Amino acid sequence: MAYININDDRGFILQLQRMLRDISFLNYDDASLGLSGIYDSRTQYAVMEFQKENGIPATGIVDYDTWQSVNRVHDGYIRDNSVPRPVSI
């Protein structure tokens with residue numbers, strides 16, 4: 001089964017980090033750290049927390065099921081947060 005490891009493409013890992021950040025699993029409090037594109041311990045921890053919350057075995061490995069689930073949750077987040085909400089006046 002395909003999965004992400006520390007030697008994978010930085011662009012792919014950066015995409016994963018962006019999605020995890022958007023859905024609040026990866027929090028960079030220090031703006032100077034930014035998103036690295038490196039599958040570091042913070043990213044692995046975020047993946048494991050995401051897996052736990054979404055009923056996926058918490059391995060820290062981004063396999064096909066994890067990747068699909070991150071994409072599905074992120075797509076829902078984008079959809080729910082990009083639609084203008086009615087404003088009461």
Side-chain angles (χ1 to χ4, degrees):
M1 186 175 296
Y3 61 92
I4 294 175
N5 67 34
I6 59 172
N7 299 313
D8 278 328
D9 180 81
R10 290 178 69 120
F12 191 66
I13 296 169
L14 188 58
Q15 182 180 359
L16 171 68
Q17 289 173 329
R18 283 185 183 129
M19 288 189 294
L20 289 170
R21 180 199 57 200
D22 289 350
I23 59 177
S24 300
F25 282 92
L26 188 57
N27 185 10
Y28 283 99
D29 296 327
D30 182 352
S32 67
L33 291 173
L35 301 175
S36 65
I38 297 170
Y39 197 85
D40 56 12
S41 60
R42 294 174 81 178
T43 304
Q44 183 178 22
Y45 179 79
V47 167
M48 290 175 73
E49 290 300 306
F50 176 86
Q51 289 170 324
K52 285 180 204 174
E53 189 164 308
N54 288 277
I56 302 168
T59 62
I61 296 171
V62 182
D63 59 11
Y64 180 81
D65 291 337
T66 299
W67 180 249
Q68 292 295 64
S69 188
V70 169
N71 275 282
R72 180 181 42 77
V73 171
H74 185 260
D75 288 350
Y77 169 82
I78 295 299
R79 182 180 55 251
D80 293 346
N81 290 289
S82 64
V83 176
R85 307 248 186 247
V87 178
S88 299
I89 300 179

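Model, not experiment: these values are computed from the prediction. All heavy atoms count here, side chains included; hydrogens, waters and symmetry mates do not.
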Worksheet item: For the residue pair Ser36 and Arg10, what are the closest heavy atoms and their distance?
Response: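 Heavy atoms only, the tightest pair is O-NH2, 2.8 Å.
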Discussion item. Ignoring hydrogens, what is the shortest heavy-atom contact between Lys52 and Ala58? Give both atom names and the distance.
Written reply: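 Heavy-atom minimum between the residues: CG-CB, 3.6 Å.
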Can you tell me how far apart [atom1] ([X]) and [atom2] ([Y]) are? Round to the nearest 0.5 Å.
X     : Y     : atom1 : atom2 : answer
Met19 : Leu14 : CE    : CG    : 10.5 Å
Thr66 : Asn71 : OG1   : CG    : 11.0 Å
Tyr77 : Ile23 : OH    : CD1   : 9.5 Å
Asn54 : Arg72 : CG    : CZ    : 6.5 Å
Thr59 : Gln51 : OG1   : CD    : 4.0 Å
Asp9  : Gln15 : CG    : CD    : 10.0 Å

Discussion item. For a 4.5 angstrom cut-off between non-hydrogen side-chain atoms, does Phe50 reach Ser69?
Written reply: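 Phe50 vs Ser69: side chains touch.
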Please determine whether residues [X] and [Y] belong to a single hydrophobic cluster, defined as Ile, Leu, Val, Met, Phe, Trp and Tyr linked transitively by side-chain heavy-atom distances below 4.5 Å.
X     : Y     : result
Leu20 : Ile78 : yes
Ile56 : Trp67 : yes
Tyr39 : Phe12 : yes

Discussion item. So, applying side chain to side chain contact (heavy atoms under 4.5 Å, CB included) with Val62, which one of Val70, Val47, Ile13, Thr43 is it?
Written reply: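 Looking at Val70, Val47, Ile13, Thr43, the match for Val62 under the side chain to side chain contact (heavy atoms under 4.5 Å, CB included) is Val47.
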